[in-house]
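Remember, predicted model here, so these are calculated numbers, not experimental data. The chain is numbered in sequence order, starting from 1.
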Amino acid sequence: SFNVYYYLGDYQKQLPFIQYESEPGSEYKDPETGEIKTEEHYYSKLISYDFKEGLLTFIMSYSDFGEGAPKDRMDFRLVVHY
């Protein structure tokens, strides 16, 4: 058996793991104040894996406004129990 972990800063999160993120969207003018503001798009990213003999595949599933490919380096840890 084994466990798979995703490094999130100084922490390790066991997979599957849901990460909540946001990114800036389009700008708009606030009708009350006249200020130019930026919308925030919130989404979640499910990080999971699939395993078959000799192959470990990492899977990222995004909701709503998320994009299909990670922009930053992602580090994982595989712990095998025998």
Side-chain angles (χ1 to χ4, degrees):
S1 71
F2 64 92
N3 294 78
V4 182
Y5 299 89
Y6 165 56
Y7 284 98
L8 182 61
D10 294 334
Y11 301 97
Q12 296 178 45
K13 302 293 185 175
Q14 188 170 357
L15 297 186
F17 173 69
I18 298 176
Q19 184 174 356
Y20 297 97
E21 298 187 5
S22 68
E23 59 186 38
S26 57
E27 291 185 345
Y28 67 97
K29 186 175 185 177
D30 187 307
E32 292 181 18
T33 65
E35 286 182 75
I36 301 296
K37 296 185 175 182
T38 303
E39 291 179 339
E40 284 290 317
H41 295 285
Y42 298 96
Y43 61 95
S44 63
K45 173 172 57 176
L46 172 63
I47 305 168
S48 60
Y49 65 92
D50 188 27
F51 174 78
K52 65 180 181 180
E53 189 173 331
L55 181 65
L56 179 64
T57 304
F58 294 98
I59 303 164
M60 265 51 74
S61 302
Y62 292 85
S63 68
D64 299 332
F65 296 102
E67 297 177 6
K71 296 178 180 117
D72 299 320
R73 174 184 166 149
M74 299 180 77
D75 294 313
F76 297 91
R77 177 177 174 224
L78 173 65
V79 177
V80 179
H81 307 278
Y82 57 97

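In this structure, E32 and D30 approach most closely via the heavy-atom pair N-OD1, 2.8 Å. The minimum heavy-atom distance linking E40 with S22 is given by the pair OE1-OG, 3.2 Å.
Using cut-offs of 30° and 60° for the angle between ring planes, the F58 and F76 rings count as parallel.
Distance CD1/I59 to CG/L46: 8.5 Å, rounded to 0.5 Å. Separating the NZ atom in K37 from the CD atom in E27 is a distance of 12.5 Å, to the nearest 0.5 Å. Taken to the nearest 0.5 Å, the NE2 atom of H41 stands 9.5 Å off from the OG1 atom of T38. Y6 contributes atom OH, which lies 9.5 Å from atom CG of L15 (distance to the nearest 0.5 angstrom). Taking OG1 from T57 and OH from Y49, the interatomic distance works out to 12.0 Å, rounded to the nearest 0.5 Å.
In the hydrophobic clustering of ILVMFWY residues, with side-chain heavy atoms under 4.5 Å counting as a link, L56 and M74 come out together. Grouping the Ile, Leu, Val, Met, Phe, Trp and Tyr side chains by contacts below 4.5 angstrom, directly or via other members, places F17 apart from Y20. Note: the hydrophobic cluster containing I18 does not contain Y42 (ILVMFWY, side chain heavy atoms under 4.5 Å, direct or indirect links).
Without hydrogens or angle criteria, S63 side chain to S44 main chain gives a donor-acceptor distance under 3.5 Å.
Side-chain contact between P24 and E39 is absent, with no heavy atoms from C-beta onward closer than 4.5 Å.
Two rings, from F51 and F2, have their centers less than 6.0 Å apart.
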Quiz item: Would K13 and Q19 satisfy side-chain contact (heavy atoms from CB on, under 4.5 Å), going step by step from the backbone distance to the final call?
Solution: CA-CA 10 Å; K13 302 293 185 175; Q19 184 174 356; over 6 Å; no
